[in-house]
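The structure appears right after this line, and notes come after that.
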Amino acid sequence: MSDDARERRMRRTRRALITGARRLTAAHGLAGFTVEQLCAEVGISRRTFFNYFAAKDDAVLGTPARDPLEAFGEQFVAGGRDPGGPGLLEALQELVVRSFALLEGPHDRALMLEVLRREPVLLQRLTESMDRHVAQLAGLIARRQGCAAGDPFPGVAAAAVSHLAGHTVHELLEGRPPGPDPEESPPSAEFADRLARNVRLAEVLFCPPAAVPAAAPGDPAAVPSAASPAAAPTADPSSDTEGSP
């Protein structure tokens, strides 16, 4: 079996486990079924289940057994010591895209909302998990950039990038035309392209182009507005920000 075929099979199994766990939780509650019952529904062994998730509630939330930031974090930090390597913003985009491949899952919002209504404790766990990942990302940024203790830059950078990543996922799922498999996540390349575009738009907001006298209405030489992607600066805005060497 080729690597691509193996990856597709693993993604299908992961999605089937998450969907099955959510359906069983919505119908019976988190305590109303066992890992063995879930595995029987999906057609895998109990041992195989733990290759994907550490526990039953992790399957419901879609939390992978392999934490993406733990899997790729050290490489991200080490990249900061490479003078010829990518800048912070580009490295963060790469880290987010690599994490996306491990976190993708089914996208039935109605089912997930039913699960959270049935088991409110999962909403608390989901919120805590998101906060923990932002804090974890901030720690990686601080280490990569050599920030002093108490420097606010890593936390702000982590929060901004995390929000952009979440917005990009939401945007892709809302605007993507339905395919043969409605649960199939957008390809990583599609996610990477859209994330890069959204980062450029955020750069326009935070680093607007220098003021230029406005051209007359209808003048084809008019300068693009700050809302236009064409006006986006190319410099990494972290290069002259507190916390960035």
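Model, not experiment: these values are computed from the prediction.
- Contact record, A26 with L111: CB-CD1, 4.1 Å, taken as the closest heavy-atom pair.
- The pair E114-R117 counts as a salt bridge, with a side-chain nitrogen and a carboxylate oxygen less than 4.0 angstrom apart.
- Residue L113 is not grouped with residue L126 when hydrophobic side chains (ILVMFWY) are merged at heavy-atom distances under 4.5 angstrom, including chains of intermediate members.
- A heavy-atom distance below 4.5 Å is found between the side chains of V96 and F191.
- Between the side chain of K56 and the main chain of T34, no donor-acceptor pair closer than 3.5 Å is present.
- Counting all heavy atoms, side chain and backbone alike, A21 lies closest to L38 at N-CD1, 3.4 Å.
- Counting heavy atoms from C-beta on, the side chains of L123 and P120 never come closer than 4.5 Å.
- Inter-residue side-chain proximity for H133 and L137 is flagged as unmet; no heavy-atom pair is nearer than 4.5 Å.
- The backbone N or O of V35 lies less than 3.5 Å from no partner atom in the side chain of R46, so there is not a single donor-acceptor pair.
- Other residues, nucleotides and ligands contribute at most 12 non-hydrogen atoms within 6.0 Å of the CZ atom of R23.
- Put simply, OG1 on T48 and CE on M10 are 10.0 Å apart, with the number rounded to the nearest 0.5 Å.
- For the atom pair L89 CG and E94 CD, the distance stands at 10.5 Å (nearest 0.5 Å).
- Salt bridge absent: R132 and D67 never bring a charged side-chain N and a carboxylate O closer than 4.0 Å.
- Taking CG from L122 and CD from E128, the interatomic distance works out to 11.0 Å, rounded to the nearest 0.5 Å.
- For the residue pair N198 and H167, the shortest heavy atom distance occurs at ND2-CD2, 3.8 Å.
- Among all heavy-atom pairs drawn from P68 and S99, the shortest one is CB-OG, 3.3 Å.
- Judged purely by atom type and a 3.5 angstrom limit, R14 uses its side chain to pair as donor or acceptor with the backbone of G62.
- Applying the side chain to side chain contact (heavy atoms under 4.5 Å, CB included) test to A157 and every residue at least two apart in sequence or in another chain returns I141, F153.
- Nearest heavy-atom pair across D151 and C147 is OD2-CB, 3.8 Å.
- No continuous path of hydrophobic side-chain contacts links F33 to V115 [ILVMFWY only; heavy atoms under 4.5 Å].
- Side-chain atoms of V42 and Y52, non-hydrogen and from C-beta on, never get closer than 4.5 Å to each other.
- When side chains are defined from C-beta on, V60 does not count as touching I18, because their heavy atoms never get closer than 4.5 Å.
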Carefully, step by step, assess R22 and L17 under the rule side-chain contact (heavy atoms from CB on, under 4.5 Å). CA-CA 8 Å; R22 290 175 180 175; L17 284 169; over 6 Å; no
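- T168 has its side chain out of reach of F100: every pair of non-hydrogen atoms, C-beta onward, lies at least 4.5 Å apart.
- Using a 4.5 Å cut-off between side-chain heavy atoms of Ile, Leu, Val, Met, Phe, Trp and Tyr, with links allowed through other members, V97 and V77 fall into the same hydrophobic cluster.
- Listed by chain and residue number, L24 satisfy the side chain to side chain contact (heavy atoms under 4.5 Å, CB included) test with H28 (two or more places apart in sequence, or in another chain).
- Residues D131 and T127 have side chains in contact (heavy-atom distance under 4.5 Å, counting atoms from C-beta outward).
- Between the CG atom of D57 and the CZ atom of R125 there is a distance of 4.0 Å, given to the nearest 0.5 Å.
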Could you go step by step and tell me if Q136 and E70 meet the side-chain contact (heavy atoms from CB on, under 4.5 Å) rule? CA-CA 9 Å; Q136 190 178 356; E70 290 182 2; 3.6 Å; yes
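- A salt bridge links E74 with R143; the closest basic N to acidic carboxylate O contact falls under 4.0 Å.
- Both L92 and V169 sit in one connected hydrophobic cluster of ILVMFWY residues. Membership requires side-chain heavy atoms under 4.5 Å apart, directly or through other members.
- Judged by distance alone, the side chain of S162 and the main-chain N or O of A158 form a donor-acceptor pair under 3.5 Å.
- Within the 4.5 Å cutoff, the side chain of L95 has heavy atoms near those of the L69 side chain.
- Annotation for G73 and L140: closest pair CA-CD1, 3.8 Å, computed over non-hydrogen atoms.
- The 12-atom threshold is not exceeded at CD of Q75, counting heavy atoms of other residues, nucleotides or ligands nearer than 6.0 Å.
- R98 forms a cation-pi arrangement with F72, by the criterion of a distance under 6.0 Å to the ring centre and an angle within 45° of the ring axis.
- Note on ring orientation: taking the six-membered ring where Trp is involved, the planes of F49 and F53 are tilted (angle from 30° to 60°).
- Between the side chains of Q37 and E41, no donor-acceptor pair is found at a separation under 3.5 Å.
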